[in-house]
S.K.: 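Sharing a structure below in structure tokens format, with a few things to ask.
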Amino acid sequence: PLAPASSLPQSFLLKCLEQVRKIQADGAALQERLCATHKLCHPEELMLLGHALGIPQALLSSCSSQTLQLTDCLSQLHSGLLLYQGLLQALAGISPELAPILDMLQLDVTDFATNIWQQMEDMGVAPAVQPTHGTIPTFTSAFQRRAGGVLVASNLQSFLELAYRVLRYLAEP
Amino acid sequence: ECGRIKVSAPVVRLGDPITASCIINQSCSHLGPEAQILWKLGAELQPGGRQQRLADGTQESTITLPHLNHSWALLSCCLRWGNSLQILDQAELQAGYPPATPHNLSCLMNLTTNSLICQWEPGPDTHLSTNFTLKSFKSRGSCQTKEDSISNCVPENGQSRCSIPRKHLQLYQHMSIWVQAENALGTRASPQLCLVPMDVVKLEPPKLWALDPRPEVAPPPPGCLRLRWEPWKPGLHIEQKCELRHQPRLGAASWALVGPLPFKTLQHELCGLVPSTAYALQMRCTRWPLPGFWSDWSPSLELTTTQQ
Amino acid sequence: ECGRIKVSAPVVRLGDPITASCIINQSCSHLGPEAQILWKLGAELQPGGRQQRLADGTQESTITLPHLNHSWALLSCCLRWGNSLQILDQAELQAGYPPATPHNLSCLMNLTTNSLICQWEPGPDTHLSTNFTLKSFKSRGSCQTKEDSISNCVPENGQSRCSIPRKHLQLYQHMSIWVQAENALGTRASPQLCLVPMDVVKLEPPKLWALDPRPEVAPPPPGCLRLRWEPWKPGLHIEQKCELRHQPRLGAASWALVGPLPFKTLQHELCGLVPSTAYALQMRCTRWPLPGFWSDWSPSLELTTTQQ
């Protein structure tokens, strides 16, 4: 595949890795609180509800090391972060105890998305109009917001795991 | 929506039964015709769900928990799906007691904070979030008629006391005061107090000092002490009477009381004591002849009586 | 209205002149035709009032104080009435200096409070009420272009520091920051800082502990020490490098520095020290290889090297 490191500044990659670690920590804090306070500890118990609510997942198909397309990968990373920004916004009103953690998670995801977008602009590969996060489910009860929180946090962790692997690969000297 | 729980009441008395129903609609994709609805209280499966198919094709299960013994619990409506148990909805159940009648309501007019401070006994824990509100209205004579209402006084987080600020008070008029306790299971009000704020004033004690010897004044005779006091500034406009008590610093003699002392004299000579002995002296005052509460005793002043 | 003062400017530079006029109208009863208007600055009569009768019969006096040397003063317009001096109007005069340019603006990203804390030198006292505001906007690269504005940060009562909360920040983007000082005599702005919040992060030091001896691990050789550290939780996601310093607890030897230590190793064996001697150890860390500030040194850990 493309010699990845040459076109991305090392400081950008190191910042991204730092941001991924922060968002993973925020996400883990949200999962831990949802389990402790609302006894919702296992996303597998909420699959059926997740299907019914139509919670979308973000793909990083262009980021796998076999088929790494750098521009497409950055674009998918950015779109995925926008999707999670939208999903986290839809969870607003989840519960008073969880609100601060959710706000922090949203701020960090937004910062990361902005960081990626500005790098794409600097590389001249950013589309003219910034994409939006697409359709987001509406959560109509406190329980659905909490169950949605478990599913979104779990999906986000998987998304970040993939992102971390490709960023690490890109950052290798 | 996949599933929706409805409960007979979100809050019940501790130990009372509670009935819940869960309706699963067909849009909950991948559902087999005979999907079995299961109930969990916390992490434990609850037997006894009665399931039926409704006319519109939805499935409904109803369960009655005979005794809800947790003050807080999560009731989950689940479906077996493959070999996993899927949670479709959750309801927070609460159980507790209606509020007890708040009692021992008492109030003091505090001239430092210029507020009427009332406190009460809240009664036993109800296990439910219970709001206490101090209610009052201005009145006449024996508080039978309500003249002007006074805004409610809401205590700070869970305290059993509240301060009604000066701007809501008429210090020399009757007012009726009571405490209302309210939670999801009921409301109780304490008996009403009928009082005049200034008649429940509690003063701060005066400051005691030794009376400095002056050349032109003869020294105190043996076994005597001379002291003076400084009245508490915010109470200067209030006519008061005071009491003095003394006891030898050493030994186990109890306090001896001297009074009433008119508070305006501001000094006093105490005799009949044991010569060259160290004494602890304290003073307190109360509004008088108008009603009021005694102040606390002042901090001790230590003086030694003159030798023989 | 009896009398009305008008001043050339309510606030002037300290030492500058100030002119005031006072108009007394006829409705000011009992006025004789030649009522004499007098001026007082504070308690002192001020000579030099020039009085004239206006067409509409009112009397006007004008006075110029050559040098207003008080930062605050009361100017009174008075009339002699019988043998008393009647005050008809008063004006508050203020004098001071325009704000100096705030300088030494510096900022730190604090991960405990999750805010960007900036502080500055306000400059000399202006004798006037001076408001400082921390202004900023999000930007790119070298902060030439303004992307999004950020709401002003107003310091708490008179402090020379302000905290911009996390929700107004983009931690990895450039922002331009400056301080504006403003009072009645002018406005001054400090030079602009262009920074990325995370690049000015200041971490808290790690916690140092002795490394507990374990049966399966050989004890440290003479003149060696084993220690471990616990990284500061809010900084766990940040790659760091650390430095260790040590000095014998007694005597005047200066600190010896060991580092850089990769912060993830979490433990270290220090050798080459004087056997059976008590040492004080401290550690600090900084974000690395990405930019950041060194944390303070950790509190001392005291360990004694093994005997010869």
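Proteins come first, then strands; the chains are lettered A, B, ... in the order of their sequence lines, and each starts at number 1. It should be emphasised that the depicted structure is a prediction, and the values quoted were computed from it without experimental measurement.
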S.K.: Which pair of non-hydrogen atoms, one from A:Thr140 and one from B:Arg4, has the smallest distance, and what is that distance?
M.R.: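 Taking A:Thr140 first and B:Arg4 second, the nearest heavy atoms are OG1-NH2, 3.6 Å.
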
S.K.: Which of residues 37-45 of chain A get closer than 4.5 angstrom to chain B, counting heavy atoms alone?
M.R.: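 The stretch touches chain B at A:Thr37, A:His38, A:Lys39, A:Leu40, A:Glu44, A:Glu45.
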
S.K.: Considering only distance and modelled atom types, tabulate donor-acceptor pairs under 3.5 Å from the side chains of residues 160-171 of chain B, sequence neighbours left out.
M.R.:
unit_1, atom_1, unit_2, atom_2, d
B:Arg166, NH1, B:Leu169, O, 3.1
B:His168, NE2, B:Ser151, OG, 3.1

S.K.: For atom CD of B:Glu156, decide whether the heavy atoms of other residues, nucleotides or ligands shown that lie under 6.0 angstrom number more than 12.
M.R.: no

S.K.: Check whether B:Leu74 gets within reach of chain A through its side chain, its backbone, both or neither, counting any heavy atom under 4.5 Å.
M.R.: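 Contact with chain A: side chain only.
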
S.K.: How about residues 89-110 of chain B versus chain A: which residues have heavy atoms under 4.5 Å apart?
M.R.: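 Listed by number: B:Asp89, B:Gln90, B:Glu92.
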
S.K.: Rounded to the nearest 0.5 Å, what separation is found between the CD atom of B:Gln86 and the CG atom of A:Leu49?
M.R.: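 B:Gln86 atom CD to A:Leu49 atom CG measures 8.5 Å (nearest 0.5 Å).
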
S.K.: Would you name the heavy atoms of B:Ile87 and A:Phe143 that are closest together and state the gap between them?
M.R.: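 It is CG2-CZ, 3.6 Å.
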
S.K.: A quick test of your reading: do over 12 heavy atoms of other residues, nucleotides or ligands sit less than 6.0 Å from CD of B:Gln159?
M.R.: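 For B:Gln159, atom CD is crowded (more than 12 foreign heavy atoms under 6.0 Å).
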
S.K.: Check B:Cys2 against A:Leu48 and note the closest heavy-atom contact, atom names and distance.
M.R.: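 Answer, listing the atom of B:Cys2 first, then A:Leu48: SG-O, 4.3 Å.
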
S.K.: Only pairs at least two apart or in different chains count here, so list each ring pair (Phe, Tyr, Trp, His ring centres under 6.0 Å) that has a residue in residues 67-96 of chain A.
M.R.: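 Listed once each, the pairs are A:His78-A:Trp117, A:Tyr84-A:Phe159.
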
S.K.: More than 12 heavy atoms of other residues, nucleotides or ligands under 6.0 Å from CZ of B:Arg50: is that the case?
M.R.: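 Result for CZ/B:Arg50: enclosed.
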
